[in-house]
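Counting from 1, the numbers follow the sequence of the chain as shown. As the structure lists them, so they are numbered: ligands from 1, and atoms in each ligand from 1.
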Amino acid sequence: MCRHLAYVGPPVTLASLVLEPPHSLLRQSYAPADMRGGGTINADGFGAGWYPEPGGPAARYRSAGPIWSDASFAALAAVTGSGGVLAAVRSATVGMPVTDTAAAPFADGPWLFSHNGVVRGWPQSVAAAAAALPVTDLLTLDAPTDSAFLWALVRHRLRGGADPADALASVVTEVAAAAPESRLNLLLTNGTAIWATAWSHALSVRTDDSHALVVSEPIDPHTTWTAVPDRHLVTACPGHRRFTALATTGEE
Ligand code: GLN
């Protein structure tokens, strides 16, 4: 299972979030702490998204290789600063391609998105949900993976004017009903706020008056993190954090 993080707050370098903390995504790529049986390391690609201009479209760097062997990213990350960042390291689900386009973040204008988990029964289990999308959305998926498809579902709702929290919640409940036992930790930011779901996988949040961070695994054990309860959505921005229970399909 992939590991991901999103940050909003004062501008910081990508390196200060992704490479330098004691339990950074770099470290989580080869020594993750809480994979819950979903793979062992996160070496099948990585990506980072940020905002060159506050309020503008996101920029991305994605690769199919392990983050630890990419010197170009390390050099870029040391000098690239932003007040909004979403980054992920990937452990590809068996059978899914290892390409740069399969690595998060997925993007559309100001939106950056990542998925940690797996859609069970892929792709048959979600064929009906796919049929409800515009054909061009399906023809232009970043990659033929469950994560890229989940992004297409979320993006379709955002383009239709849905509230970001509602978009994530409705995708999780629809896919969980169609594909039980799926792991659906979704992460979304527009550079000023973060929305994320915990659905069968680890997720933690840290906020203060200046910043918000949502992470698969705490990147710095010396600061205080709050675990997001399973089957909940978290909305976070500087000075604010809210947990909302996600509707279940009657299994609880
Ligand atoms: N299933 C997704 C993929 O293969 C995400 C994998 C993960 O969370 N490890 O890209």
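One option in T93, V119, V89 has a heavy atom closer to atom 4 (O) of ligand 1 than any other, and that option is T93. Summarising the contacts of atom 8 (O) of ligand 1 with P97, S147, C2, the nearest heavy atom is found in C2.
Those atoms of ligand 1 that come under 4.0 Å of a heavy atom in N116, given as number and element, are 8 (O). Within the listing of ligand 1, atoms 4 (O) sit less than 4.0 angstrom from a heavy atom of A92. Set against the non-hydrogen atoms of R90, the atoms of ligand 1 under 4.0 Å away are 3 (C), 4 (O), 10 (O). Proximity to S91 (heavy-atom distance under 4.0 Å) selects the following atoms of ligand 1: 6 (C), 7 (C), 9 (N). Near M96, meaning under 4.0 Å from any of its heavy atoms, are these atoms of ligand 1: 4 (O).
In R183, neither the side chain nor the backbone holds a heavy atom less than 4.0 Å from any atom of ligand 1.
By the 4.0 Å N-to-carboxylate-O rule, D142 lies close enough to R60 to be salt-bridged with it.
For V118, no nitrogen or oxygen atom sits less than 3.5 Å from a nitrogen or oxygen atom of ligand 1, counting backbone and side chain alike.
Residues T235 and R241 have side chains that never bring a donor and an acceptor to within less than 3.5 angstrom of each other. Side-chain polar atoms of S170 and R157 form a donor-acceptor pair below 3.5 angstrom. Between the side chains of T99 and T101, a donor-acceptor pair is found at a separation under 3.5 Å.
Within the structure, the closest approach of T145 to ligand 1 does not fall below 4.0 Å when heavy atoms are considered.
Y61 places no side-chain N or O within donor-acceptor distance of the main-chain N or O of A48, the cut-off being under 3.5 Å.
In this structure, R183 and H115 have side chains that are not in contact, with every pair of non-hydrogen atoms separated by 4.5 Å or more.
Atom CZ of R242 sits in a sparse spot, with 12 or fewer heavy atoms from other residues, nucleotides or ligands closer than 6.0 Å.
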